[in-house]
Structures are given as C-alpha cells and as structure tokens.
Amino acid sequence: MHNRSDQFAKSLLRDGLSLVSAAETEVEVLAATQKIDVYSVPDPAREAERAGMGLLGELAAEPSLFEPFRSTPSLRQVRRCLRKQLTWHHELERRARSAAGDVAPDEDADAPSQPAVDFPALVVISPGRPETVLDAYRCEPVQAGVYHAVPGLVMRVVVLAELPRTRATLLLRLLGSGRLLREALADLAALPDDAWEKSIARPLLVHFRLGTQEPATDKEDDVSAEIRAWFEDYERKLRAEERKEGRTEGRTEGRTEGAARAVLTALRVRGIAIPDAARERILAEKDPETLERWHERAIVAASLAEVLDGLS
C-alpha cells in the first residue's frame, strides 16, 4: 500500500503538471544516487493553462523538484531533499557547459562565460505540520498551508492539513489520507464531468488504489471503500458510453467487432491515445477471449501497452 501511495502521489503530480510543464518522475540524480520524485519545468506557451490550475500551478511557476511525503517528514528527510536539489542544480550546470562546448570545464568556476542555469525550487509536500523543518529553515507562511524557507534555499513547504478546502487546492489535497482524502474525493466528485481535475485524478485513483488485490490497512479501509465506489461509478459510466457507441455504430455488428469497439471505447474514455496500427490490430482481432481480456485491462490500465500485451 505504501508503494502504491507513493506511485499515486508521483503520478498525480506528474500528470497534473504535464498540462503546463515538461514533467517527469524518477529523475535520476547521478552524483548522489538519488531520484527526484517529480521534476517540472514550466512551458511558457501554456502559461494561461497553468494560471488556471490553482495552487499547483502557482508552485509550478519555476523549475521545481516536487517531493511528496506520506507522513510528516523529519528534518533529516528534508535535508536529503535539499541534497537532491543542490546535486540536480550541479548536474544542470554540467549539462549546460557541455551543450556550450566546454569540454573541460572548471566546475568551481563562476566565470561570466559560464551558461546561466536557474536554481530549481524545492517543493516539500507534507500531510502534517513539520515543526522542526519550519523552525530549522525559518519558514514563513505566505498563504494558508504554504511556507517559504529563507530565500537562499528556494524551498517551499506545503502542509496539506492546513490548506483551505477550495478547488484551487484540490489536486494537492488528494495526496492526503484519512479525512483529508475523503473530503478531497467528495469535492472531486462534485465537479463537472469535464473538469480537468477529474481527467487527471480519476484514472489514477482507479489504477493505483484498485489495480491490485492487496488488502488495505485498517486505517485506510474507509478511504478504500470510497475509492471503490468511485471505481464502480466510473465503470457504470464506461459501460453506458460503450452501449451508446454501440448504438451509434449500428446494431448489425458481429460479436467480435462489437467487442473490439468496446476495447477502443474503453481506451478512449480513459484518455489513452490509440495509434492507427494499434486500432487496426484491435479491430482485426477475432478471438472473443482475447478481446474480453483486453477490455478488462482497458478499464483500469494507464497505458496502451498494459492492455495489448506490450503492443505499442
């Protein structure tokens, strides 16, 4: 459960930030053998979209390392994040020098000719208030639930439990647990079906909370029940969409053709891109059992490869 929660947090941040940034997970920091949870670089061409993303958009206004924690982090844990931040900046400078043709750079030099590289911000996301961290780095509140450390660190601390219950904070509150997550789920459910938050969060909630058969801990049983209700509602809507498309395509389709189109519909509703070659492969499949297996996978899959046995 812990690993799934970590992967959910990273994926939610990555997919949300991908709307307005070039975001990737598990970014390797070579010199320290560490990995950044999510690294985001804003796309100037998508500034308007970022402005509409609430708090997450504000935090993504500059190149940033996002480090979400499942439990309130200690000072030692945050220091490890700061080490990632410093090491990653060093790596970015090395890449900039290499791109500029400096084959033997002086890594400690600060010459005017050295390419300028923005120092990335560190965003620590904590479910509770990390008092030792806030005190150690003299963090000051800039808005409810958001703290900035002394300027030289370029570190922001987001305390999920202190965020106001508004749409602007919703995607971040989904990273919480217990009551905080239940409230966020209720707020998510109340949004229109075409809300961008739903398009990002709903497939990930289904995939990471219900993608395995591992039992939830007692602490998360009530939350898991709510997510299961999400899944059941999602599946009902998916079936209704399939029936609607089946009527549109006509009632004379054969069994296998109808099953193939059900797979395509499931993928489309999940927002998974289907290349022409894969579409033709699905429509050409005549084995009902294979189509049924693909369809079951399409309901919860995060990618086309997960559905079609590695076919891309």
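No donor-acceptor pair under 3.5 Å is formed between the side chain of E285 and the backbone N or O of I282. In this structure, Q85 contributes its side chain and L153 its backbone to a donor-acceptor pair below 3.5 Å. Formation of a donor-acceptor pair under 3.5 Å by the T72 side chain with backbone atoms of P130 is not found in this model. Between the side chain of S11 and the main chain of F8, no donor-acceptor pair closer than 3.5 Å is present. Between the side chain of D43 and the main chain of A45, a donor-acceptor pair closer than 3.5 Å is present. Under the 3.5 Å distance criterion, the side-chain polar atoms of T87 are matched with a main-chain donor or acceptor of R83. Within the 3.5 Å criterion, the main-chain N or O of E197 finds no donor-acceptor partner in the side chain of S199. In this structure, the side chain of K84 does not engage the main chain of Q34 through any donor-acceptor pair within 3.5 Å.
The hydrophobic clustering, which links ILVMFWY residues whose side-chain heavy atoms are closer than 4.5 Å, places L86 and L122 apart. Grouping the Ile, Leu, Val, Met, Phe, Trp and Tyr side chains by contacts below 4.5 angstrom, directly or via other members, places V41 with M155. Under a hydrophobic-cluster definition in which Ile, Leu, Val, Met, Phe, Trp and Tyr are linked whenever side-chain heavy atoms come within less than 4.5 Å, directly or via other members, V154 and L65 are assigned to different clusters. Transitive grouping of hydrophobic side chains (ILVMFWY, heavy atoms separated by less than 4.5 Å) brings I36 and V117 into a common cluster. Note: the hydrophobic cluster containing V150 does not contain F119 (ILVMFWY, side chain heavy atoms under 4.5 Å, direct or indirect links).
Between D187 and R167 there is no salt bridge, since no side-chain nitrogen of the basic residue lies less than 4.0 Å from a carboxylate oxygen of the acidic one. R129 and E162 are joined by a salt bridge, as a carboxylate oxygen and a charged side-chain nitrogen come within less than 4.0 angstrom of each other. Between R46 and E49 there is no salt bridge, since none of the side-chain N atoms of the basic residue sits less than 4.0 Å from a carboxylate O of the acidic one.
Contact of the E67 side chain with the V123 side chain is not registered, since no non-hydrogen atoms from C-beta on lie closer than 4.5 Å. Inter-residue side-chain proximity for V157 and V146 is flagged as unmet; no heavy-atom pair is nearer than 4.5 Å. Side-chain contact check for R156 versus Y147: every heavy-atom pair is 4.5 Å or farther apart. Side chains of V158 and V124 form no contact here, defined as non-hydrogen atoms less than 4.5 Å apart. With contacts defined as side-chain heavy-atom distances shorter than 4.5 Å, the pair L56/F66 qualifies.
Heavy-atom minimum distance, L180 versus G176: CD2-CA, 3.8 Å. Heavy-atom minimum distance, A201 versus L174: CB-CD1, 3.6 Å. The two residues P127 and V159 make their nearest non-hydrogen contact at O-CG1, 4.3 Å.
More than 12 heavy atoms of other residues, nucleotides or ligands lie within 6.0 Å of CG in D135, so this atom counts as buried by the packing criterion. Around the CZ atom of R80, the shell of radius 6.0 Å holds more than 12 heavy atoms that belong to other residues, nucleotides or ligands.
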Exercise. Decide side-chain hydrogen bond (donor to acceptor under 3.5 Å, both in side chains) for R14 and Y39; before the verdict, give the C-alpha distance in whole Å, the side-chain angles of both, and the deciding distance to 0.1 Å.
Key: CA-CA 8 Å; R14 177 201 63 207; Y39 180 59; over 6 Å; no

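Just one residue in the list L17, L205, V38, L175 forms a side-chain contact (heavy atoms from CB on, under 4.5 Å) with L12, and that residue is L175. Shown are L171, L172, I200; of these, the side-chain contact (heavy atoms from CB on, under 4.5 Å) with L13 is made only by L172.
Summarising the geometry, atom CG belonging to D37 is positioned 9.0 Å from atom CD belonging to Q7; distances are rounded to the nearest 0.5 Å. Between the OG atom in S21 and the CZ atom in R50 there is a gap of 8.0 Å [rounded to 0.5 Å].
Judged by distance alone, the side chains of Q143 and E58 do bring a donor and an acceptor atom under 3.5 Å apart.
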